[in-house]
Amino acid sequence: MSNSIILVGMPGSGKSTLGRLLANRTQMPFADTDLYIEGKAGVSLQEYLDEHGYLKLRELEETVILEHEHHFHRTIISTGGSVVYSDKAMEHLKRFGTIVYLQVSADALLERIHNMESRGIACKPGQTFHDLYEERCFLYEKYADITLNIDGETEMESLEKLLNNSKLSF
């Protein structure tokens, strides 16, 4: 294990924002797997999703995570919300450190997300956000070493909660 912190959770849970803040505070590198996916695809997540569908986006996410091993040592890693659909990707990430599930209620997420149609959320056609939330929460909990409920907290409160978690080492 290389003492990385891997952030998982729903879109809008704060993985990228908290990841950047945590990386800055701990002086660790930051990696956002969504940016790696966009780099490999050559288009935004939403454009890739529109052209190829949600299953292909999930496949690409798995491929990118398995290919980017050299970026995951002693790093704060923000993952895409659908990474938990891939056992291979999650087991790969787990080798590098601690998986932290940023738990936020569905209602709070819906208040935060103002670009649902363009955000590149890999879900079944016609699937509601609440249905997606229910489907994914089980998977986040399955893979998480730590579940951190940050519902209703500010970015700084969430950051302090992460920094003060006794199960994490920086």
Would a 4.5 Å heavy-atom cut-off, applied to side chains only, mark [X] and [Y] as touching?
X: Leu21; Y: Leu162; result: no
X: Ile65; Y: Thr63; result: no
X: Tyr140; Y: Met10; result: yes
X: Lys161; Y: Leu18; result: no
X: Thr75; Y: Phe96; result: no
X: Ile99; Y: Met90; result: yes
X: Thr33; Y: His68; result: no
X: Glu38; Y: Leu35; result: yes

Specify the closest pair of heavy atoms between [X] and [Y], including all atoms of both residues, with the distance to one decimal.
X: Arg136; Y: Ser82; result: NH2-CB, 3.4 Å
X: Ala41; Y: Tyr48; result: CB-CD1, 3.6 Å
X: Asp151; Y: Ala108; result: OD1-CB, 3.3 Å
X: Lys15; Y: Val8; result: CD-C, 3.5 Å
X: Val104; Y: Tyr133; result: O-OH, 2.9 Å

Distance (rounded to the nearest 0.5 Å) between [X] [atom1] and [Y] [atom2]:
X: Thr17; Y: Leu22; atom1: OG1; atom2: CG; value: 12.5 Å
X: Leu57; Y: Gln46; atom1: CG; atom2: CD; value: 9.0 Å
X: Phe30; Y: Asn24; atom1: CZ; atom2: CG; value: 11.5 Å
X: Leu159; Y: Glu153; atom1: CG; atom2: CD; value: 11.0 Å
X: Ile6; Y: Ile77; atom1: CD1; atom2: CD1; value: 4.5 Å

For Glu157, I'd like to know if atom CD has over 12 heavy atoms of other residues, nucleotides or ligands within 6.0 Å. yes

A quick test of your reading: do over 12 heavy atoms of other residues, nucleotides or ligands sit less than 6.0 Å from CD of Glu160? yes

Answer yes or no: is there a donor N or O on one side and an acceptor on the other, between the side chain of [X] and the main chain of [Y], under 3.5 Å?
X: Thr79; Y: Leu7; result: yes
X: Asp145; Y: Thr98; result: no
X: Ser4; Y: Arg74; result: yes
X: Ser158; Y: Met156; result: no
X: Glu62; Y: Ser86; result: no
X: Tyr101; Y: Ala144; result: no
X: Glu47; Y: Ser44; result: yes
X: Gln103; Y: Leu148; result: no

For Asp131 and Glu134, run side chain to side chain contact (heavy atoms under 4.5 Å, CB included): C-alpha distance rounded to whole Å, both residues' side-chain angles, the deciding distance at 0.1 Å, then the answer. CA-CA 5 Å; Asp131 288 343; Glu134 292 300 318; 5.7 Å; no

Ignoring hydrogens and geometry beyond distance, is a side-chain donor-acceptor pair present between Ser16 and Asp32 at under 3.5 Å? yes

Are [Y] and [X] co-members of a hydrophobic cluster defined by side-chain heavy atoms under 4.5 Å apart?
X: Leu55; Y: Tyr85; result: yes
X: Leu102; Y: Leu110; result: yes
X: Leu163; Y: Val100; result: yes

What residues form a salt bridge (Lys or Arg N to Asp or Glu O under 4.0 Å) with Glu59, not counting sequence neighbours?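 Checked Glu59 against salt bridge (Lys or Arg N to Asp or Glu O under 4.0 Å); matches are Lys56.
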
Going by salt bridge (Lys or Arg N to Asp or Glu O under 4.0 Å), name the residues that satisfy it together with Glu135, two or more places apart in sequence or in a different chain.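 Expected list: Lys124.
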
Chi angles and distances behind the side chain to side chain contact (heavy atoms under 4.5 Å, CB included) call for Val84, Lys142: CA-CA 9 Å; Val84 290; Lys142 171 183 170 183; over 6 Å; no

Run Glu61 and Leu66 through side chain to side chain contact (heavy atoms under 4.5 Å, CB included) and show every step you take. CA-CA 9 Å; Glu61 182 172 39; Leu66 295 176; over 6 Å; no

